[in-house]
Amino acid sequence: MSGRSHEPLFWSLFVVGSVLAAVIVPALILVTSVFGPFGWRWFADAFTHDGIRDLLQHSIVRLAIGAVIALIAVHACHRLRHLAIDLHAPLPAGLIGVLAYGSAAAVAVLTAIFLALV
Amino acid sequence: MSDTTIQLEVFRYRPDNGGPTFQSYEVPYHDDWVVLDALNYVKNYIDGSLSFRWSCRMGVCGSCGMQVNGEPALTCAAFVRDHMPGPIRVEPLVNFPVERDLVVDINGFMEKLDHVKPYLVRDDEADDLSAEYLQTPTQLDRYKQFSMCINCMLCYAACPVIGRVDEFIGPAALALAQRYNLDSRDQGKNMRQDVIFQNEGIWECTFVGECSEVCPKHVDPAGAIQQAKLEGAVDYYKRLLTPWARRS
Amino acid sequence: MNRPLDRRLGWTWWTRNGSYFRIFLREATSAFILAEVVLFMLLLHKAGQDAETYLAYRDFLWHPLMVVFHLVALAFALWHTISFFLIAPNALPGQVAGRRIPAAFIIGQQFAGLAAVTLLLFLWVAWVGAT
């Protein structure tokens, strides 16, 4: 046996990300990628170049989007990590962890940079 | 005696006689027979060499758990009529080492049970053995569901994590840990949490939930483990933020 | 000699029956959610560049084949939402302040929250698009 685990750190972020993913991702997909191409004008107009810049105008909005995207990325990567382990992926568990949380961190950092540059 | 019969395909394994095989037996069909009745018919009238565990025949002792058509079940509660017209395939519980025929080695499970101290732990136990510890119905209600476990081990056969990590404490033992941790009379929570908050405790669990599906007593070990995770996370941050606090 | 037989569930456990497979699908939702998050992240990236670059990416995102992918991803995202909401009552403590909370109430509250957030997001984006 190995002493108390540090998994709670990742698990708690995963749970928060799970809640956010559950309530936000369906709407996010619909709004950014389905309503527009289906020709719903208001949503198509919201994603012109000026439209998306209007959406991202307020720094509070950018801050919220950054936090939400980061947590959802942690949620997805944590789950993929455990799926890989449960499917007996032939890689060291430590490497799977580095890959998974490394990807989540990359998404979080890049999103923050991109939001700052809008 | 009815004329209808049903085919049993029974897993046979004798360590000295090569690999495992399936052996077919034709047994009489009765509307009110369970799979255990059919097995006992085989044992008594067809083939006395068949080995399997059973005792109470009424879903209390937890010793007759086997795979019935691939699913873990108490054979004393699995009606033959639900599997008509057959055949019914009976195997030992998966995830456990098979000793012989339908008999599995449960020593690993017994050790895991031991790890979580599934009994009331009191600091003052030595002082007064006649002491009474009162409990309100609300306090009883907090853990009652988790106390219904009969240690039948169906949940271990249903758990893919057990199949991967031998050391994983597993559903029933973790649910029992939670049962005593939630008991207002118990004082052993900290000791138990030292065990269940390790990786091989609750944190290997990925909430597949099949343990709760197969549980004949509706204990919901999966729920117990998730509730323990919530407590484990709160406890983790408490320790992180107040490292100076002394804990036993 | 005592040679116990090893009968552990291997890596193919999720193919054994329907409920295992549903759990596998639940875990696999994360791949689609991650993909959509990365696509959205790139949209934010392009929003910071000139209009031409942005529109080229947006047209790729709105290409009919990509829309098919988005609809599949949407189905998986909804499966995450539904499976998460349905198991939440089991994962929460049975009592709050000595009282049992009915599972149906917890599940209902979550779907109400989903409806509220979705509606707010729709209204906000539509309002920005319409003005």
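Side chains included, hydrogens not; waters and symmetry mates left out as well; all remaining heavy atoms used. Note that the structure is predicted; figures quoted are calculated from it, not measured. Within every chain, numbering begins at 1; the chains are lettered A, B, ... in the order of the sequence lines, protein sequences first and strands thereafter.
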Open item on the list: Please report the interatomic distance CZ(Arg99(C)) to CG(Asp141(B)), rounded to the nearest 0.5 Å.
Closed with: 12.5 Å
Open item on the list: Tell me if a side-chain donor or acceptor on Arg7(C) pairs with a main-chain N or O of Val104(B) at a distance below 3.5 Å.
Closed with: no
Task: Rounded distance [0.5 Å steps], CZ in Arg22(C) versus CD in Glu210(B) - done: 8.5 Å
Open item on the list: If you count heavy atoms of other groups shown closer than 6.0 angstrom to CH2 of Trp11(C), is the number above 12?
Closed with: no
TODO: Mind ranking Val208(B), Thr138(B), Ile225(B) by heavy-atom pairs under 4.5 Å with chain C and telling me who comes out on top?
DONE: Val208(B)
Task: Contact summary for Ala157(B) and Tyr20(C), nearest pair of heavy atoms - done: O-OH, 4.4 Å
Open item on the list: Among Ala224(B), Ala228(B), Cys159(B), Pro92(B), which residue has the highest count of heavy-atom pairs closer than 4.5 Å to chain C?
Closed with: Pro92(B)
Task: Contact summary for Gly70(B) and Arg16(C), nearest pair of heavy atoms - done: O-NH2, 3.4 Å
- [ ] Answer yes or no: is there a side-chain heavy-atom contact under 4.5 Å between Phe11(B) and Leu5(C)?
- [x] yes
Open item on the list: Check whether Tyr13(B) reaches the backbone of Pro4(C) with its side chain - one donor and one acceptor, N or O, closer than 3.5 Å.
Closed with: no
Task: Region of Thr206(B) that comes under 4.5 Å of a non-hydrogen atom in chain C - done: backbone
Task: Exercise: identify the closest heavy-atom pair between Pro93(C) and Leu230(B) - done: CD-CD2, 3.9 Å
TODO: Could you tell me which portion of Glu71(B) (side chain, backbone, both or neither) has an atom closer than 4.5 angstrom to a non-hydrogen atom of chain C?
DONE: side chain
Task: Under 3.5 Å: donor-acceptor pair, side chain of Gln227(B), backbone of Leu92(C) - done: yes
Task: Contacting region of Ile23(C) [heavy-atom separation from chain B under 4.5 Å] - done: side chain
Task: Arg26(C) versus chain B, the contacting section by heavy-atom distance below 4.5 Å - done: side chain
Task: Interface residue of largest heavy-atom contact number with chain C, from Asp105(B), Thr136(B), Asp166(B), under 4.5 Å - done: Asp166(B)
- [ ] Can you spot which of Asn95(B), Val165(B), Ile162(B) makes a side chain to side chain contact (heavy atoms under 4.5 Å, CB included) with Arg8(C)?
- [x] Asn95(B)
Open item on the list: Given heavy-atom pairs under 4.5 angstrom as the criterion, report whether the side chain, backbone, both or neither of Phe207(B) touches chain C.
Closed with: both
TODO: Select one option (side chain, backbone, both, neither) describing which atoms of Leu93(B) are under 4.5 Å from chain C's heavy atoms.
DONE: backbone
TODO: Might you confirm whether atom CZ of Arg164(B) has over 12 heavy atoms from other residues, nucleotides or ligands at distances under 6.0 Å?
DONE: yes
TODO: Taking the side chain as every heavy atom from C-beta outward, state whether Ser212(B) and Asn90(C) have any pair of such atoms under 4.5 Å apart.
DONE: no
Task: Under 4.5 Å from a heavy atom of chain C, the part of Asp220(B) involved - done: side chain
